[in-house]
Amino acid sequence: MTQTLLGSNKPFLDLGNGSGQRGFLLPQIGSTVGPIVEAYSGIQGQLSQSLAEMVVFDKPVTASVGVAIPGSSRLPDVWQEILENSRPGFSIIRDRALDQQTMRWLFRRNNTSNPKQLYSREPSTYYRRYKEFQSRYALLLAARDSDVWRSLPGFQKFATFETAERDLLKNWFKAGYKAEIESAMWRFNSAVPFAEWEKWAETNARFEANLIPYAEHIRLPITRLFPPPASWSTVSMWFRGTSRATDPSSEYRFQFARIQIVRPWMDLDALLSGRIRIAPPEKGALPVSDGAPATENAVPNGKLGAFIEELILVRDITKTGGQNSVPDGHPLGNFAYPDAINVLGYIVRTLPAIPAVPAGPVEAAAPARSLQGAAREF
């Protein structure tokens, strides 16, 4: 099916560097962008928008005959489970080996009477304040050349860089708990893998920061579409494409657009680079991904073997030559309203074997001006 549409017999391409694959799959018959268009107001944290995303693209997928089959779990729930499974584990014995003063500076205290669980693995208010000053200091040092530091907020009043640096360090010690945190970090790092916890904490903080409270015990993820549905009717985002029909004397002409799905709460690079490490699954349990090569009939097995990265929209479909009224089995001939905006397919991302840790950055898809070109640029 995808070969008929794309003119390519290779629907998935390897991204290299242990980053998985990217490819094209068709939607299930009857799929529509209607729920997204109706619910997507651009205001984050709306339940109707989250439900519409879940219907259209917010689930892991499997594949069958070139068609994406959505799973039963929501991607934010899967990602949260991945974070929990990658949380650096410290034994109770090690926790007891550290004095409460050390734990108090670094970790948030649990609201529990259980003496074995006095502290969570979430950063304390003191540690968060320390990181704020650390970021400001790094920014000041990076802006030292050519007096760029003078334009930074809070530093315009200083005559020299040295006086600005001394003032920041003074406040860091006074209000940023610099001595206390660094002393606690030294004691903690001598007993537990602090560096691993810090990397995990940064990834988890990114997830938490991109959840919006909707109601008690309900938080919805910030997921954006680019371009947003409000601009889907404009001309600038659409490209012309052609696809050969099954009848050699005819072809389909159409316009298509690629809609990126931006999930700021999911730090995929942290998972692929090994900054967070998944513990090996228990016997019989699903891995995150088994890394199997993707085809039209199979994608990697696992909790997050494959998921949708982009929506491919289509409109203004016309068939030239041949017998226009005769169904030919082509994907572009299945739409009841060929002039309207429809879901043509999905750009699907698959993951390599995890918990095996690959190396290398995550590549981004480049824009394309033809479906044949898009098939080569996944």
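Numbers for residues simply follow the sequence, beginning at 1.
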Colleague: Please tell me whether L168 and L152 are part of a single hydrophobic cluster in this structure, the criterion being side-chain heavy atoms less than 4.5 Å apart.
Modeller: yes

Colleague: Kindly state each residue pair satisfying salt bridge (charged side-chain N to carboxylate O under 4.0 Å, His left out) with at least one member in residues 165-184, sequence neighbours excluded.
Modeller: K178-E182

Colleague: Under 3.5 Å, is there a donor-acceptor pair linking the side chains of S183 and R187?
Modeller: yes

Colleague: Could you list the residues that satisfy ring pair (Phe, Tyr, Trp, His ring centres under 6.0 Å) with Y137, not counting sequence neighbours?
Modeller: W172

Colleague: Quick one: does any side-chain atom of N297 pair with a main-chain N or O of V65 as donor and acceptor, under 3.5 Å?
Modeller: yes

Colleague: Are L139 and W149 linked, directly or through intermediate hydrophobic residues, by side-chain heavy-atom contacts shorter than 4.5 Å (ILVMFWY only)?
Modeller: yes

Colleague: So which atom in P70 and which in A68 form the shortest heavy-atom distance, rounded to 0.1 Å?
Modeller: CD-O, 3.7 Å

Colleague: Would you please name every residue forming a side chain to side chain donor-acceptor pair (under 3.5 Å) with R263, sequence neighbours left out?
Modeller: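 Side chain to side chain donor-acceptor pair (under 3.5 Å) list for R263, sorted by chain: empty.
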
Colleague: Out of curiosity, I82 CD1 to I276 CD1, how far, rounded to the nearest 0.5 Å?
Modeller: 7.0 Å

Colleague: Are V37 and F226 connected in a single hydrophobic cluster, I mean Ile/Leu/Val/Met/Phe/Trp/Tyr linked by side-chain heavy atoms less than 4.5 Å apart?
Modeller: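 No, no single cluster joins them.
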
Colleague: Which heavy atom of T295 sits nearest to which heavy atom of F12, and what is that distance?
Modeller: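 The pair with the smallest heavy-atom distance is O-CE1, 3.7 Å.
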
Colleague: Hey, which of R349, R22, R258 is the one that makes salt bridge (charged side-chain N to carboxylate O under 4.0 Å, His left out) with E310?
Modeller: R258

Colleague: Is there a side-chain contact between L313 and W238 (heavy atoms, below 4.5 Å)?
Modeller: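 SC-SC contact between L313 and W238 confirmed.
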
Colleague: Can you confirm whether L140 sits close enough to R136 that some side-chain heavy atom of one is under 4.5 Å from a side-chain heavy atom of the other?
Modeller: no

Colleague: Report the residues that fulfil ring pair (Phe, Tyr, Trp, His ring centres under 6.0 Å) with W105, sequence neighbours left out, ordered by chain and then residue number.
Modeller: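 So W105 forms a ring pair (Phe, Tyr, Trp, His ring centres under 6.0 Å) with Y126, Y177.
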
Colleague: Of the non-hydrogen atoms in P264 and R224, which two are nearest, and what is the gap between them?
Modeller: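 In this case the closest contact between P264 and R224 is CG-NH1, 3.7 Å.
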
Colleague: Let me confirm one number: the CD-OG distance from E251 to S243, rounded to the nearest 0.5 Å.
Modeller: 8.5 Å

Colleague: Does some side-chain heavy atom of P338 sit less than 4.5 Å from a side-chain heavy atom of D316?
Modeller: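 The answer is no; the side chains never approach within 4.5 Å.
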
Colleague: Side chain to side chain donor-acceptor pair (under 3.5 Å) with E202: which residues, sequence neighbours excluded?
Modeller: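 E202 satisfies side chain to side chain donor-acceptor pair (under 3.5 Å) with no other residue.
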
Colleague: Are side-chain heavy atoms of V61 and V299 found at a separation under 4.5 Å?
Modeller: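 Not touching, per the 4.5 Å side-chain cut-off.
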
Colleague: Would you check, one step at a time, whether the test side-chain contact (heavy atoms from CB on, under 4.5 Å) holds for D267 with F207?
Modeller: CA-CA 8 Å; D267 189 356; F207 175 72; over 6 Å; no

Colleague: Tell me, please, which residues at least two apart from T160 pass side chain to side chain contact (heavy atoms under 4.5 Å, CB included).
Modeller: E162, T163

Colleague: Can you run down the side chain to side chain donor-acceptor pair (under 3.5 Å) pairs that involve residues 55-70, sequence neighbours left out, and say none if there aren't any?
Modeller: none

Colleague: Are Q49 and T223 packed together at the side-chain level, in the sense that at least one heavy-atom pair is separated by less than 4.5 angstrom?
Modeller: no

Colleague: Going by the rule side chain to side chain contact (heavy atoms under 4.5 Å, CB included), which residues pair with S73 if we only count those two or more places apart in sequence or in a different chain?
Modeller: V78

Colleague: Run the side chain to side chain contact (heavy atoms under 4.5 Å, CB included) test against V55 and tell me which residues pass, sequence neighbours left out.
Modeller: none

Colleague: Do W265 and L75 touch side chain to side chain, with heavy atoms closer than 4.5 Å?
Modeller: yes

Colleague: With hydrophobic residues grouped by side-chain heavy-atom distances under 4.5 Å, do F133 and L141 end up in a single group?
Modeller: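 Same cluster.
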
Colleague: What's the separation between atom CD1 in I222 and atom CD1 in I212, rounded to the nearest 0.5 Å?
Modeller: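 I222 atom CD1 to I212 atom CD1 measures 4.0 Å (nearest 0.5 Å).
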
Colleague: If only atom types and distance count, is the side chain of N342 paired as donor or acceptor with the main-chain N or O of L344 below 3.5 Å?
Modeller: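 No; zero donor-acceptor contacts below 3.5 Å.
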
Colleague: Let me confirm one number: the NZ-CZ distance from K199 to R277, rounded to the nearest 0.5 Å.
Modeller: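 One finds 7.0 Å between NZ of K199 and CZ of R277.
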
Colleague: So how far is it from F239 CZ to Q255 CD, rounded to the nearest 0.5 Å?
Modeller: 10.5 Å

Colleague: For Y252 and G333, work out which heavy atoms get closest and say how close.
Modeller: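 Reported closest heavy-atom pair: OH-CA, 3.6 Å.
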
Colleague: Counting C-beta onward and ignoring hydrogens, is there a side-chain heavy-atom pair between I278 and K303 closer than 4.5 Å?
Modeller: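 No. Closest side-chain heavy atoms not under 4.5 Å.
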
Colleague: State the CZ-CD1 distance between R253 and I317, to the nearest 0.5 angstrom.
Modeller: 14.0 Å

Colleague: Test of understanding: with side chain to side chain donor-acceptor pair (under 3.5 Å), list the residues that count as partners of N301, not counting sequence neighbours.
Modeller: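 By the side chain to side chain donor-acceptor pair (under 3.5 Å) rule, N301 matches no residue at all.
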
Colleague: Of all the heavy-atom pairs spanning P229 and Y40, show the shortest one and how long it is.
Modeller: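 Distance-wise, the nearest heavy atoms are CD-CD2, 3.2 Å.
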
Colleague: Taking the side chain as C-beta and beyond, is there a heavy-atom pair between L351 and L268 under 4.5 Å?
Modeller: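 Yes; the side chains approach each other to less than 4.5 Å.
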
Colleague: Take R87 and E84, measure what side-chain contact (heavy atoms from CB on, under 4.5 Å) needs, and give me the verdict at the end.
Modeller: CA-CA 5 Å; R87 184 192 298 263; E84 287 302 312; 2.6 Å; yes

Colleague: Donor-acceptor check, side chain of S231 to backbone of T234, threshold 3.5 angstrom: yes or no?
Modeller: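 No, S231 side chain to T234 backbone: no donor-acceptor pair under 3.5 Å.
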
Colleague: I'd like a table of donor-acceptor pairs (distance under 3.5 Å, sequence neighbours excluded) in which one partner is a side-chain atom from residues 23-36, with atom names and distances.
Modeller:
| from | atom 1 | to | atom 2 | distance (Å) |
| --- | --- | --- | --- | --- |
| S31 | OG | Q28 | N | 3.4 |
| S31 | OG | Q28 | O | 2.7 |
| T32 | OG1 | G34 | N | 2.9 |

Colleague: Given 3.5 Å as the limit, does a donor-acceptor pair link the side chain of N17 with the main chain of S19, or not?
Modeller: no

Colleague: Identify the heavy atoms of G154 and F158 that sit nearest to each other, and give their distance.
Modeller: O-CE1, 3.6 Å

Colleague: Under a single-linkage definition using a 4.5 Å side-chain heavy-atom cutoff for Ile, Leu, Val, Met, Phe, Trp and Tyr, are M266 and V262 assigned to the same hydrophobic cluster?
Modeller: no

Colleague: Under 4.0 Å between a Lys/Arg side-chain N and an Asp/Glu carboxylate O for R74 and E53?
Modeller: no

Colleague: Is the backbone of Q21 close enough, under 3.5 Å, to the side chain of T350 for a donor and an acceptor to pair up by distance?
Modeller: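 Yes; at least one donor-acceptor contact below 3.5 Å.
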
Colleague: List in chain and number order the residues that pass ring pair (Phe, Tyr, Trp, His ring centres under 6.0 Å) with F155, two or more places apart in sequence or in another chain; answer none if no residue qualifies.
Modeller: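 Per chain and number, F155 pairs via ring pair (Phe, Tyr, Trp, His ring centres under 6.0 Å) with no residue.
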
